[in-house]
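Below: the structure, in structure tokens.
Note that the structure is predicted; figures quoted are calculated from it, not measured. Sequential numbering from 1 along the given sequence is applied to the chain's residues. In listed order, ligands and their atoms are each counted from 1. The figures that follow rest on heavy atoms only: side chains count, while hydrogens, waters and symmetry mates do not.
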Amino acid sequence: MTKKMWRNEVKYLTPYVPGKPIEDVRRELGLDEVIRLASNENPIGPSPVALRAMSEALKDSWLYPEPSCRELREKLGVKYDVSADKIIVANGADHIITLIGNAYINSGDEVIYCKPTFTSYREITLLMGGIPIEIPLNKDFEADLNGILNAITSKTKLIFICNPNNPTGTVVKNDELESFLNQVPDGVLVILDEAYAEYISINGYRSGIDFVKKGYPVITIRTFSKFYGLAGVRIGYAVSSEAYLEPLLAVKQTFSVNRIAIAGALAALDDIEFLNKMLLELYEEKERLTIELQKMGFVVINSQANFLFVDMKQEVSTLFNKLMKKGILIRPCSPWSLKTFSRITIGTFDQNNSLINALKEIQQEMLSVK
Ligand SMILES: Cc1ncc(COP(=O)(O)O)c(C=O)c1O
């Protein structure tokens, strides 16, 4: 079938290429074990309490889920000290981004975001017939907030800020966000994608949730995919004023969030001891991996997420292929036109050791060829 029958906007979309599935690499290369450090998943997985809650929920699989996710919204409301009516739950943060696009972007509307960043902002803008306005990150790979402000026109509808940014791990600091939001004109909605917020360890970070509480025109996006280790069951949420969430509720499919995911998310929030321990382990591994990569001559940008953004000082594609043959997947940043950079998810102690050893072996092999 030709593309003639397709909706015009769909013709210009390129399907998102996620980290290569572990199953494909196993099959293609005949490997028993594959370590994926390419998709910013949490290799420790969900808390045992969440696992138990999910298996318990399986027996009710024949029942449609409770569509408003009230219990989860109430629990999140207590956590953030906001009313449950200011929260919407969806089938992952990506689904929230889709709902925002469906609800707000008219054909011809301009949508501003910095580049490189999470590709869904571009895709949903194009799908809705909007115009992506891409502002390069500054030289420190941070969002160029002045650049965004200067790009605002009468056609601007949305601004996306990925905070921490994927793939760089950088954040908007201190009072910069407040001053930025104060300069955004009426009629423009700011979307703060905080998929990695739980990993932030610096002082001076302000979450969009604070600004929602103060009545700013902001939608803050969060997910259970990363910190809570629930990427496979698909659940995320947004916090905003009721008025900004109303059109999202209007376009959302009624039963898009399943029972298993709701049960897992509710229980995952409770297991504070597990979450704290996991975070400490991640910080230790992040520091250790950073030092090891630096020793190998790579430049590691200070990331506030569960991944490192690394300048490998050579075309990453060669390294990527050599690592893949050894059963390790990292994420080359070439789709963002950063040919020498890669994004590496921080794995477990053993996974990181495998990566470090594999990189050392590859460096040795390359030296002996020279
Ligand atoms: C910045 C950012 N936003 C949203 C998502 C989507 O998350 P989810 O798994 O909740 O759809 C990701 C996933 O990698 C991400 O990096």
Could you tell me if the side chain of Arg26 sits less than 4.5 Å from the side chain of Pro21, heavy atoms only?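 No, every pair of side-chain atoms sits at 4.5 Å or beyond.
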
Pocket residues of ligand 1, ordered first by chain and then by residue number (heavy-atom cut-off under 4.0 Å):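 The answer is Gly92, Ala93, Asp94, Phe118, Cys162, Asn166, Asp193, Ala195, Tyr196, Thr223, Ser225, Lys226, Arg234, counting any residue whose heavy atom sits under 4.0 Å from ligand 1.
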
Of Tyr104, Tyr121, Tyr113, Phe118, the one forming a ring-ring contact (aromatic ring centres under 6.0 Å, His included) with Phe160 is Tyr121

Verify the ring-centre separation between Phe224 and Tyr237: is it less than 6.0 angstrom?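 So the answer is yes for these two rings.
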
Would you confirm whether the ring centroid of Phe211 sits within less than 6.0 angstrom of the ring centroid of Phe180?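 Phe180 vs Phe211: aromatic centres not under 6.0 Å.
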
Would you please say whether a donor-acceptor pair under 3.5 Å links the side chains of Glu194 and Tyr205?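 Yes, Tyr205 and Glu194 have a side-chain donor paired with an acceptor closer than 3.5 Å.
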
Anything under 3.5 Å between a donor and an acceptor, one on a side chain of residues 296-305, the other on a protein residue two or more places apart or in another chain? List them.
| residue | atom | partner | partner atom | Å |
| --- | --- | --- | --- | --- |
| Ser303 | OG | Ala305 | N | 3.0 |
| Ser303 | OG | Phe307 | O | 2.6 |
| Gln304 | OE1 | Ser201 | N | 2.8 |
| Gln304 | OE1 | Ser201 | OG | 3.3 |
| Gln304 | OE1 | Ile202 | N | 3.4 |

